[in-house]
Each structure stands twice: as C-alpha cells, then as structure tokens.
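Working notes, structure below.
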Amino acid sequence: MEKLLQDNNLKITKIRIAILEELLKLNVSITAEELFEIISKLQNVNLSTIYRNLKILVENNLILKVTEINGETYYRYNKQEHIHHLICTNCHEVLPLEDCPIHDLEHKLELKTGYNIVSHSLEFRGLCPKCKEKTRLK
Ligand SMILES: [Zn+2]
Ligand SMILES: [Zn+2]
C-alpha cells in the first residue's frame with residue numbers, strides 16, 4: 001500500500017494504509033461509517049478524518065465511490081484491472097465477471113464515430129441469489 005500511495009504522489013499515512021488494506025480485505029462495498037467502526041478499533045481516528053481521506057483516495061482513483069438509490073454512499077477498493085462487476089443492491093456483494101462483453105462494441109463505436117476509445121466502465125446491479133431467496137420467503 002505504501003507504494004500505491006507513493007506512485008500516486010500521496011503522503012503515506014497510517015490511516016490511508018488502514019483504509020486501503022481494510023477495503024481490499026473486505027471485497028464488498030461499505031459505508032464510511034462502517035469503515036470507521038472497523039478502523040477505530042485498530043487506531044485512534046475520528047469519522048471526519050475517515051471522510052477526508054476517503055475523498056482523497058477517491059479523487060486519486062484508488063477507491064471507488066458509489067451512491068445507491070437509497071442515498072447511502074458506499075466505498076470499495078479499486079483493483080484497477082480491466083474487470084466488470086455484478087453488484088448486489090441488497091447485501092452489496094461484489095462479483096467480478098470473467099470477461100468483458102463490450103470490446104466488440106468498442107470497436108464498432110470507434111469505426112462509427114472516429115473516436116479512439118481508451119477506456120470504459122460498466123457495472124451490473126441486481127439481487128444476488130441469496131438475497132433473492134430471502135425476499136421470496138418474506
Ligand atoms: Zn445480496
Ligand atoms: Zn470491459
């Protein structure tokens with residue numbers, strides 16, 4: 001994590017390392033409050049410090065921030081690899097997809113528009129099988 005921060009010209013601090021390590025370990029999206037709960041057990045920190053550092057890490061693309069329809073904001077580690085995800089809107093499980101379904105489309109778009117496309121992002125949202133089962137039983 002030190003190198004990751006260094007490569008992005010960010011000051012290496014205990015709190016930034018803790019945020020990145022915890023998010024990487026969790027592999028699900030969590031709220032700043034949930035992250036605070038975890039990190040405050042490891043070191044002395046307050047919620048506004050968590051928010052301030054999350055903002056910096058999001059700006060530098062080291063973590064991803066998503067605001068759900070319910071207004072809650074969730075954070076997760078940005079693995080930086082070319083990968084798309086399925087995200088459960090209920091339990092926030094993040095399931096990586098094995099392949100990219102839109103490279104062909106990218107190529108077609110380039111031909112059609114003359115753009116040189118350098119990146120794209122795509123996320124699928126829905127209910128995971130476990131949550132689907134739970135709602136069915138209600
Ligand atoms: Zn779920
Ligand atoms: Zn792709």
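Every heavy atom of this structure was used, including side-chain atoms; hydrogens, water molecules and symmetry mates were not.
There is no path of hydrophobic side-chain contacts, each under 4.5 Å, that joins Val66 to Leu20. Under a hydrophobic-cluster definition in which Ile, Leu, Val, Met, Phe, Trp and Tyr are linked whenever side-chain heavy atoms come within less than 4.5 Å, directly or via other members, Leu42 and Val45 are assigned to different clusters. At a threshold of 4.5 Å between side-chain heavy atoms, the hydrophobic network of Ile, Leu, Val, Met, Phe, Trp and Tyr places Tyr77 and Ile17 in one connected group. No continuous path of ILVMFWY side-chain contacts below 4.5 Å connects Ile38 to Leu64, so the two sit in separate hydrophobic clusters. Leu10 and Leu54 fall within a single hydrophobic cluster, where Ile, Leu, Val, Met, Phe, Trp and Tyr side chains are chained together by heavy-atom contacts under 4.5 Å.
Under a 3.5 Å cut-off, the side chain of His85 and the backbone N or O of Val94 do not form any donor-acceptor pair. Panel note: side chain Asn70, backbone Glu72; a donor-acceptor pair is recorded below 3.5 Å.
A distance of 13.0 Å separates NE2 in His92 from CG in Leu26, rounded to the nearest 0.5 Å. Interatomic distance, Glu34 CD to Ile39 CD1, rounded to the nearest 0.5 Å: 12.0 Å. Taking CG of Leu4 as the reference point, atom CD of Glu2 lies at 10.0 Å (rounded to 0.5 Å). Distance NZ/Lys65 to OG/Ser29: 13.5 Å, rounded to 0.5 Å. To the nearest 0.5 angstrom, Ile30 atom CD1 is 10.5 Å from Tyr74 atom OH. For the atom pair Glu123 CD and Leu97 CG, the distance stands at 10.0 Å (nearest 0.5 Å).
Contact annotation: the side chain of Ile15 approaches that of Ile50 to within less than 4.5 Å [non-hydrogen atoms, C-beta and beyond]. By the 4.5 Å heavy-atom criterion applied to side chains, Glu110 and Asn116 are counted as neighbours.
The pair Glu59-Lys55 meets the salt-bridge criterion, with a side-chain N (NZ, NE, NH1 or NH2) lying under 4.0 Å from an Asp/Glu carboxylate O.
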Run the numbers on Asn78 and Leu62 for side-chain contact (heavy atoms from CB on, under 4.5 Å), then give the verdict. CA-CA 5 Å; Asn78 185 1; Leu62 298 183; 5.8 Å; no
Between Arg125 and Ile87, does the side-chain contact (heavy atoms from CB on, under 4.5 Å) criterion hold? Intermediate values first, please. CA-CA 5 Å; Arg125 286 154 191 285; Ile87 299 169; 4.3 Å; yes
Test salt bridge (charged side-chain N to carboxylate O under 4.0 Å, His left out) on Lys130 and Glu133 and set out the steps. CA-CA 5 Å; Lys130 271 176 282 166; Glu133 187 68 9; over 6 Å; no
Begin from the C-alpha positions of Leu57 and Leu5 and carry the test side-chain contact (heavy atoms from CB on, under 4.5 Å) through to its verdict. CA-CA 9 Å; Leu57 294 171; Leu5 290 168; 4.0 Å; yes
Given Leu109 and Tyr115, is the side-chain contact (heavy atoms from CB on, under 4.5 Å) satisfied, shown in steps? CA-CA 7 Å; Leu109 269 176; Tyr115 267 65; over 6 Å; no
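Within 6.0 Å of atom CG in Asn44, 12 or fewer heavy atoms from other residues, nucleotides or ligands are found, so the atom counts as exposed in its surroundings.
Not counting sequence neighbours, Arg16 has no partner by the salt bridge (charged side-chain N to carboxylate O under 4.0 Å, His left out) test.
Of all the heavy atoms in Cys131 and Cys88, the pair that sits closest is SG-SG, 3.7 Å. Nearest heavy atom pair, residue Met1 against residue Leu24, reads CE-CD2, 3.6 Å. Closest approach of Lys14 and Gln43 over heavy atoms only: O-NE2, 3.5 Å. Of all heavy-atom pairs between Thr31 and Tyr75, the closest is C-CD1, 4.4 Å.
Counting only N and O atoms by type, the side chains of Tyr51 and Glu33 include a donor and acceptor under 3.5 Å apart.
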